[in-house]
Participant: 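Can you read through this structure? Questions will come right after.
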Amino acid sequence: MRDIEQKLSSLLERKSHVTETRDRLAKSIDVRFSGTADWRQLADPLDWLDEQADAWRTHFADHSRIIEAIPGLEKAVAEARADTAAAIVRFDEIESQAKAWEQGQIQLTNARSGLLGGDAVEAVVARNEMTLSQCRQALETARTAAALGRENQAASTARKEAADQEAKRVVQDHLDRQGRFHGRLAELAIEEEAVAGAAREGQTAIDKEVEALAAIDQACENAAALLAQRQEDLVRHDQTDPPALSGDALAQAVSEAKQADEAAQKALQDAQFILRRDDEVRTQTTKLRAELERERTAARVWLALDELIGDATGARFRRFAQGLTLDRLLAHANSRLTDLKPRYELQRAPSGDMLIQVVDHDMAGEIRGVHNLSGGERFLISLALALGLAEMSTGRGLKIESLFIDEGFGALDGASLGQALSVLEHLHATGRRVGVISHVEEIKERIPVKIEVTPVARGRSELSVISG
């Protein structure tokens, strides 16, 4: 509060001093222009006084130059008279020479007409200039095409190197997986053709194999139950009296029973082998499915990238990168547009990758095209985009220290003009050099350092630097 009171006291003293100075200058002006005009009653007395002061300065400067030039002019007149006498003598000599030169010119004109085929000199010059302009345009087009070709060649070389490295990595990865696959087949004693056949037949064939193995398991369980029953029958049979069979009949029955038992044992061994083989196949299938899922997961990123940027010409990736850059530019521009015109917000149009549309917050978020805005509003949006581009470039390691604006302020209303000038003054305060070309008087008053261009006689102009 004490600091503020001190500043207020200082400002009041300055105000009193300025008021006294103003009154003293007004009285002095009244004395000097009392008989000429009542300057206080004019619509814009300040502009009238500036015009009178500029006119006086111009007349005073012209008067001083004339006074200083008089001695030199008198000397020049004396010298000119002497030169005139000598020039008269020289004129007679030159006149005789001129006649001879006229004859020579006629001869040369006739010779030139023959060389130019009867065409006028202006037509020949115009035709040569047109040919030269066409050649220059062709040269510039060729240079542009050469630069574009060099850029495309560098980009193609980089893509080729990246593709070669990726191809080497994929080939090496394939060889490693193939080696692990054959090693695992050798460990499990499975033929590669069997795995390939199972893969070709698909999940349906595997499900049928599972059902068949389940049927074999059931048959094996039934056979084991039947064998247990037969063993129980054998025990009960041993506990009973000897059978009625004997001799050859008994031997024949025992032989048949042995054959049936051997057949049952063989069937049991075959079923057990099939079960073990099925367990191994199921284990291998589970591992292959897990490895397939891992490979699909690893490839999902590359498939997504291929969907996003995969294009033989690179146009899709270029549009994607340009879209990201445009999003960053719009973010920086919207931060500036909030200070310049909070009513509007810029966003990318959904109908095109590089189109810009305007959101009007004062109209419930209505979407408007840039061409539907007024000239002043388009100027503010252009200024916000330019400032956003400068900030975005600064963030990439560059530093744009200068900003030049040529006209465009005349279409702004008072509030918009004040906001635009406040943003430019903030940029100037942060170290940016801001140059403005304008005829708007309010801008002239708010800019401390100005370069004024004053037209003088015969198409010439004078520059003057004004500070304060």
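Just so you know, these numbers come straight off a predicted model, no measurement behind them.
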Participant: I'd like to check Gln6 versus Ser10 (side-chain heavy atoms, cut-off strictly below 4.5 Å). Are they in contact?
Facilitator: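 No, their side chains stay 4.5 Å or more apart.
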Participant: Can you tell me if CG on Leu226 sees more than 12 non-hydrogen neighbours from other groups inside 6.0 Å?
Facilitator: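 Yes, the 6.0 Å shell around CG holds more than 12 heavy atoms from other groups.
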Participant: Let me confirm one number: the CD-NZ distance from Gln165 to Lys160, rounded to the nearest 0.5 Å.
Facilitator: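 Spacing of CD (Gln165) from NZ (Lys160) equals 10.5 Å.
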Participant: Only counting residues at least two apart or in another chain, list the ones meeting salt bridge (Lys or Arg N to Asp or Glu O under 4.0 Å) with Asp173.
Facilitator: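 With sequence neighbours excluded, Asp173 shows a salt bridge (Lys or Arg N to Asp or Glu O under 4.0 Å) to Arg177, given in chain and number order.
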Participant: As an exercise, state the distance from CG of Asp261 to CD of Gln231, rounded to the nearest 0.5 Å.
Facilitator: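 If we round to the nearest 0.5 Å, Asp261:CG and Gln231:CD are 8.5 Å apart.
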Participant: Is any side-chain heavy atom of Arg143 closer than 4.5 Å to one of Leu139?
Facilitator: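 Yes; the side chains approach each other to less than 4.5 Å.
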Participant: Would you mind checking if Asp279 and Arg282 are paired as a salt bridge, meaning a charged N to carboxylate O distance below 4.0 Å?
Facilitator: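 No salt bridge links Arg282 with Asp279.
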Participant: Find the distance between CD (Gln272) and CD (Gln265) and round it off to the nearest 0.5 Å.
Facilitator: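 Rounded to the nearest 0.5 Å, the CD-CD separation comes to 8.5 Å.
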Participant: Do side-chain atoms of Ser16 reach the backbone of Leu12 as a donor and acceptor pair under 3.5 angstrom?
Facilitator: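 Not confirmed, Ser16 side chain does not pair with Leu12 backbone.
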Participant: Would you find a donor on one side and an acceptor on the other, under 3.5 Å apart, between the side chain of Thr131 and the backbone of Arg127?
Facilitator: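 Present.
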Participant: If you look only at pairs with a residue in residues 364-377, which of them pass as a side chain to side chain donor-acceptor pair (under 3.5 Å), with sequence neighbours excluded?
Facilitator: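 Listed by first then second residue: Tyr344-Arg368, Tyr344-Glu377, Asp360-Arg368, Ser374-Glu377.
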Participant: Is there a donor-acceptor pair under 3.5 Å between the side chain of Asn334 and the backbone N or O of Glu345?
Facilitator: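 Looks like no, no N/O pair under 3.5 Å.
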Participant: So which atom in Val456 and which in Ser461 form the shortest heavy-atom distance, rounded to 0.1 Å?
Facilitator: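 For Val456 and Ser461, the tightest heavy-atom pair comes out as CG2-N, 3.8 Å.
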Participant: Output yes when a side-chain donor or acceptor of Ser335 lies under 3.5 Å from a complementary backbone atom of His332, and no otherwise.
Facilitator: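 Yes, the answer is positive, given that a donor and an acceptor are paired below the 3.5 Å cut-off.
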Participant: When you look at Val370 and Leu346, which way does the side-chain contact (heavy atoms from CB on, under 4.5 Å) test go after all the steps?
Facilitator: CA-CA 10 Å; Val370 179; Leu346 302 179; 5.6 Å; no
Participant: State the CZ-CD distance between Arg136 and Glu129, to the nearest 0.5 angstrom.
Facilitator: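 Atom-to-atom, Arg136:CZ and Glu129:CD are 9.0 Å apart.
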Participant: Atom CD1 in Ile4, atom OG in Ser9: separation rounded to 0.5 Å?
Facilitator: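 Ile4 atom CD1 to Ser9 atom OG measures 13.5 Å (nearest 0.5 Å).
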Participant: Within the 4.5 Å heavy-atom criterion, are Leu292 and Leu288 side-chain neighbours or not?
Facilitator: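 Result no, sub-4.5 Å side-chain heavy-atom pair not found.
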Participant: Is there side-chain contact between Ile367 and Val358, with at least one heavy-atom pair below 4.5 Å?
Facilitator: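 When only atoms from C-beta onward are counted, Val358 and Ile367 do not touch, as no gap falls below 4.5 Å.
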Participant: Is it the case that more than 12 heavy atoms not belonging to Glu166 sit under 6.0 Å from its CD atom?
Facilitator: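 Counting neighbours around CD of Glu166, more than 12 heavy atoms of other residues, nucleotides or ligands fall under 6.0 Å, so yes.
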Participant: Less than 3.5 Å apart, which donor and acceptor atoms pair up between the side chains of residues 381-390 and the rest of the protein, not counting sequence neighbours?
Facilitator:
unit_1 : atom_1 : unit_2 : atom_2 : d
Ser382 : OG     : Arg378 : O      : 2.9

Participant: Check whether any side-chain heavy atom of Lys15 lies under 4.5 Å from a side-chain heavy atom of Leu11, and answer yes or no.
Facilitator: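 Contact flag for Lys15/Leu11 side chains = no.
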Participant: Do Leu148 and Glu151 have side chains that approach each other closer than 4.5 Å (heavy atoms only, starting at C-beta)?
Facilitator: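 With C-beta onward as the side chain, the pair touches.
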Participant: Any chance you could measure Gln153, atom CD, to Thr157, atom OG1, to the nearest 0.5 Å?
Facilitator: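 One finds 5.5 Å between CD of Gln153 and OG1 of Thr157.
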Participant: For atom CZ of Arg169, is the number of surrounding heavy atoms from other residues, nucleotides or ligands below 6.0 Å larger than 12?
Facilitator: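 Check passes, neighbour count above 12.
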